[in-house]
Protein chains: 2
Amino acid sequence: MEHTGRGDPARSLALLWRTREAPGRKGGPGLTVTSIVRAAIHIADTDGLNALSMRRVADHLGAATMSLYTHIPGKAELIDLMTDTVNAETLDPPHPPPITPWRDRLNDVAHRNWRLHQHHPWLAATATTRPVLGPNTTAKYDRELNALTGTGLTPIETDSVLTLILSHVSSSARTLAETTRTHTDTQLTDAQWWQAHAPHLEKLLDPQRYPTAAAIGAAVGAAHNTAHDPHHAFEFGLHTILDGVAALIASRT
Amino acid sequence: MEHTGRGDPARSLALLWRTREAPGRKGGPGLTVTSIVRAAIHIADTDGLNALSMRRVADHLGAATMSLYTHIPGKAELIDLMTDTVNAETLDPPHPPPITPWRDRLNDVAHRNWRLHQHHPWLAATATTRPVLGPNTTAKYDRELNALTGTGLTPIETDSVLTLILSHVSSSARTLAETTRTHTDTQLTDAQWWQAHAPHLEKLLDPQRYPTAAAIGAAVGAAHNTAHDPHHAFEFGLHTILDGVAALIASRT
DNA sequence: CACTGTTCCGTATGTTGTACGGTACCGCGT
DNA sequence: ACGCGGTACCGTACAACATACGGAACAGTG
């Protein structure tokens, strides 16, 4: 994966905060940072992050590939810009006021991000170290931290809890995205895949050797129609984590 | 990322379970499935999954690139084989007996996987949908499920809890791997990166607009020397999740 | 010694990001 | 009206990637 740290920070930040947005030339394709980012998001939403290439973005805009580099240092910065742009979507319905119980507020934060990842599955495939220091991402972080005010947690605990929640969302979203992408790529549903493997597995999987796996695996497969239902994994995990956070908060009062 | 579903399951499973291990030719490089997988693991351990190419594996074995395809259908299957191979490492110190409290057993499972990911950071970058149906991965699943026997949880709850724990390990490991890889790629520590951005951020980040983010961000940055300490995130998250699991188990008795 | 199946490999194709050098245009000062 | 400088735009080129295809070299068997 690409890294952002290559160019100078001033350039990257100016891009994110849209200092000086150039109008572009008149006759040709009116390339703008905004238009490039929008096209890139469209492609990634439709065909995934792997299908996002500089060539495709340029084609989609009726421009030559290298023209993009006039406006954007490289692909890594483009992805950062895409991320900051879509992060704005989590701000739209205003967050609930502090009177609301913290658990409802945190649950709301989790589901906002879950929805965001549904609309933009490629988000889960981007690197998360070194946050994108754009206006929307910063605002998102600010609002989400507010979900924990009044709980008596220390600043570090607050950040840790939020990190854990967002990490869980991202992880679940990644699994979901991989599942659907694997499905479209291989033209095989999980059920079909299991059916194709089942006959050979019967000869290899000795119930004597793997007693628990055999028992639990069968029950799980019967319950959801597939082995891992990402939606269920998300909700179950969120509920469990919130219970754990409740224990932490209870111990502080 | 590559997908495994391409070839026929019989071939893949035969590879994983090492039915018929061919000795190879005498004069040339004695290529074997095992030797290829071992070389691939070595490369991925050293230089990451991005550096793992068929060329490099072949070079490392003194063979031509295309010779690998005699033994292995493609790169996707190679990665599956690598995964099943290293998964054996979690089995080595025998798991604690069922008399041990479930929380200690689950904690042990988490730390086994955490250690595994430290040794093989590329693991976190592989696709996790559709489990690798090899002998070691199956044994791993079996032993890990046993950490929850006697807790009164249903089979589905047992699987969900294990999935949550492993997902947390994987997520934390990914962050850690990305951090170190970003560090080596950009030759910049996180602290240096923040220092490079700080002067420009002061002009852009309005404390009026982002009050909570400014306050918490400062406290967090001061506490750990970097913004996100992956080790801390792992331990904190694990503790919180285990508290949540305790609540679930308590509600079942 | 010939035959057959498998191991091994050289070449070629279509991708990718982007470095480099060039062209054409807009707006500005005069 | 005119020229000029800066910038938007683009064509070509390169290295690295997985792998399809067809051929060559060797093993064991008759």
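Chain letters run A, B, ... following the sequence lines, proteins first, then strands; residues in each count from 1. The figures that follow rest on heavy atoms only: side chains count, while hydrogens, waters and symmetry mates do not. This one's a predicted model, so the numbers in the text were calculated from it and none came from an experiment.
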Rounded to whole Å, how long is the line connecting atom [atom1] of [X] with atom [atom2] of [N]?
| X | N | atom1 | atom2 | result |
| --- | --- | --- | --- | --- |
| B:Leu68 | C:dG10 | CG | P | 13 Å |
| B:Ile43 | D:dC17 | CD1 | P | 11 Å |
| A:Lys75 | C:dT15 | NZ | C1' | 12 Å |
| B:Met66 | C:dT13 | CE | C1' | 12 Å |
| A:Asp59 | C:dT16 | CG | C1' | 14 Å |
| B:Tyr69 | D:dA20 | OH | P | 7 Å |
| B:Met54 | C:dC8 | CE | C1' | 14 Å |
| A:Ile36 | C:dT18 | CD1 | P | 13 Å |

Reckon [X] has a side-chain N or O less than 4.0 Å from the OP1 or OP2 of [N]?
| X | N | answer |
| --- | --- | --- |
| A:Ser67 | D:dA8 | no |
| A:His71 | D:dC9 | yes |
| A:Thr70 | D:dC9 | no |
| A:Arg55 | C:dT15 | no |

Query raised in the report: Do any pairs count as a side chain to side chain donor-acceptor pair (under 3.5 Å) and have a residue in residues 199-208 of chain A, sequence neighbours left out, and if so which ones?
Result: none

**Report entry** B:Glu178 bridged to B:Arg174 by N-O distance under 4.0 Å
**Finding:** no

Query raised in the report: Taking 4.0 angstrom as the limit, do A:Asp47 and A:Arg56 come out as a salt bridge?
Result: yes

Query raised in the report: Would A:Asn113 and A:Glu144 count as having a side-chain donor-acceptor pair, cut-off 3.5 Å?
Result: yes

Report summary line: By nearest-nucleotide position on DNA chain C, the 5'-leaning member of A:Ala51 and A:Pro73 is A:Ala51

Query raised in the report: Does the gap between the ring centers of B:His60 and B:His42 come in under 6.0 Å?
Result: yes

Query raised in the report: D:dC9, C:dC9, C:dG17: which one has an atom nearest the side-chain heavy atoms of A:Ser53?
Result: C:dG17

Report task. Determine the contact category for A:Leu52: base if any of its heavy atoms lies under 4.0 Å from a base atom, sugar-phosphate if only primed atoms, P, OP1 or OP2 are that close, otherwise nothing. Result -> sugar-phosphate

